[in-house]
Asker: 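Encoded as structure tokens, here's the structure I'll be asking about.
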Amino acid sequence: QSIPSKRAEPFKLWLAQLGQERIDEIENPELAQNRVKEYYELKGYPKDWIDKRLRGIAIRQELTNEWKKRGIEEKKDFAILTNEIHTAIFDIPIKKHKVIKNIPKQSKINLRDHMTDLELIFSMLGERATTEITQTQNIKGFNNLKIASKKGGNISKKARLELEKETGKKVLSKDNNLDKKNLLK
């Protein structure tokens with residue numbers, strides 16, 4: 001606030017506005033969700049995909065909160081458990097799925113932002129099933145949570161295989177939202 005420059009004034013006003021928006025979002029989290037929707041819309045994502053993605057984020061948060069309650073603290077442990085679910089669902093680890101989607105190695109790009117509707121749906125099912133198993137069986141400890149994660153993923157895998165059998169089409173797809181042309185299909 002003590003920068004004596006007319007050029008600094010717009011920057012100070014912008015920072016104050018951002019701060020106020022974040023405070024408002026703390027008081028009303030729906031505002032934050034609307035902001036996220038706007039960001040996805042600006043990137044060109046379809047509204048129905050955005051709704052699935054946001055629901056997937058909520059399901060993911062429920063699962064990670066459950067894991068935290070049960071002793072998971074390390075970032076790598078969350079990654080391992082997530083990969084267990086993913087591998088069970090799609091028969092490939094997350095790293096290979098990123099290769100299929102042509103997501104550059106070492107990038108911070110989130111695989112889920114480039115999944116198809118069905119890939120998102122089956123990911124949500126696997127994570128929600130894992131949450132249910134963990135809660136109903138009161139599972140604790142990393143090794144037991146790893147087993148529960150495989151079980152939750154396998155529930156989703158069974159559904160995926162049944163859909164693939166009925167439609168004759170694979171759920172796992174090279175379609176990727178990095179290519180904006182594919183996004184508008």
Side-chain angles (χ1 to χ4, degrees), residues 29-30 32-33 36-37 40 45-103 108-178 182-183 185:
E30 190 175 326
Q33 185 177 21
V36 172
K37 280 183 179 182
Y40 277 121
Y45 289 88
K47 289 187 187 311
D48 64 330
W49 183 93
I50 294 169
D51 291 339
K52 287 179 194 75
R53 180 68 176 104
L54 292 178
R55 183 65 188 129
I57 290 169
I59 288 170
R60 171 79 184 155
Q61 287 173 340
E62 290 173 28
L63 176 59
T64 57
N65 288 339
E66 198 61 42
W67 284 341
K68 285 176 189 174
K69 288 182 201 172
R70 294 162 189 285
I72 302 303
E73 296 174 359
E74 300 291 325
K75 189 175 181 179
K76 70 174 180 63
D77 291 341
F78 286 100
I80 290 167
L81 294 173
T82 300
N83 197 56
E84 289 293 331
I85 296 168
H86 188 91
T87 302
I89 296 167
F90 297 109
D91 293 321
I92 59 168
I94 291 169
K95 283 185 179 182
K96 283 193 177 181
H97 199 162
K98 284 183 171 186
V99 169
I100 289 170
K101 295 283 186 189
N102 201 28
I103 296 173
K108 301 257 183 197
I109 295 173
N110 189 322
L111 172 62
R112 292 170 199 242
D113 284 346
H114 302 284
M115 287 182 167
T116 64
D117 282 3
L118 286 174
E119 289 169 329
L120 282 175
I121 290 166
F122 285 107
S123 294
M124 285 189 276
L125 175 58
E127 290 183 341
R128 186 65 199 142
T130 300
T131 302
E132 287 293 318
I133 292 166
T134 301
Q135 290 173 334
T136 57
Q137 297 178 13
N138 195 25
I139 295 172
K140 296 177 183 158
F142 178 77
N143 290 331
N144 292 330
L145 289 168
K146 195 172 174 183
I147 292 167
S149 296
K150 286 180 187 178
K151 288 179 180 179
N154 280 327
I155 289 168
S156 185
K157 176 183 181 170
K158 289 174 189 173
R160 175 186 62 84
L161 292 173
E162 187 65 25
L163 178 66
E164 289 176 345
K165 179 181 166 188
E166 290 297 322
T167 63
K169 295 174 12 182
K170 295 287 184 191
V171 167
L172 195 65
S173 169
K174 291 182 182 181
D175 288 348
N176 183 327
N177 293 328
L178 285 171
N182 283 342
L183 193 56
K185 285 183 181 176

Asker: Between R60 and S123, is there a side-chain donor-acceptor contact under 3.5 Å, judged purely by atom types and distance?
Answerer: no
Asker: Taking side chain as C-beta onward, heavy atoms only, is I80 less than 4.5 Å from D77?
Answerer: yes
Asker: Inspect the contact between E162 and K158 and indicate whether a charged nitrogen and a carboxylate oxygen are less than 4.0 angstrom apart.
Answerer: no
Asker: Give the ring-plane orientation class for Y45 versus H114, where under 30° counts as parallel, over 60° as perpendicular and anything between as tilted.
Answerer: tilted
Asker: Taking the side chain as every heavy atom from C-beta outward, state whether L172 and F122 have any pair of such atoms under 4.5 Å apart.
Answerer: no
Asker: Would you check if the side chain of T131 reaches a backbone N or O of E127 as a donor-acceptor pair within less than 3.5 Å?
Answerer: yes
Asker: Restricting to ring-ring contact (aromatic ring centres under 6.0 Å, His included), what partner residues turn up for F90, sequence neighbours left out?
Answerer: H86, H97
Asker: Using modelled atom types and a 3.5 Å cut-off, is there a donor and acceptor pairing between side-chain atoms of T64 and backbone atoms of Q61?
Answerer: yes
Asker: So does V171 get a backbone contact from the side chain of E164, meaning a donor-acceptor N/O pair under 3.5 Å?
Answerer: yes
Asker: Do the non-hydrogen side-chain atoms of L118 and L163 ever get within less than 4.5 Å of each other?
Answerer: yes
Asker: Are Q137 and I147 side-chain neighbours, meaning at least one heavy-atom pair lies under 4.5 Å?
Answerer: no
Asker: Rounded to the nearest 0.5 Å, what separation is found between the CD atom of E84 and the NZ atom of K151?
Answerer: 13.0 Å
Asker: Is any side-chain heavy atom of L145 less than 4.5 Å from a side-chain heavy atom of F142?
Answerer: no
Asker: In the structure I gave you, are the side-chain heavy atoms of I133 and T130 within less than 4.5 Å of one another anywhere?
Answerer: no
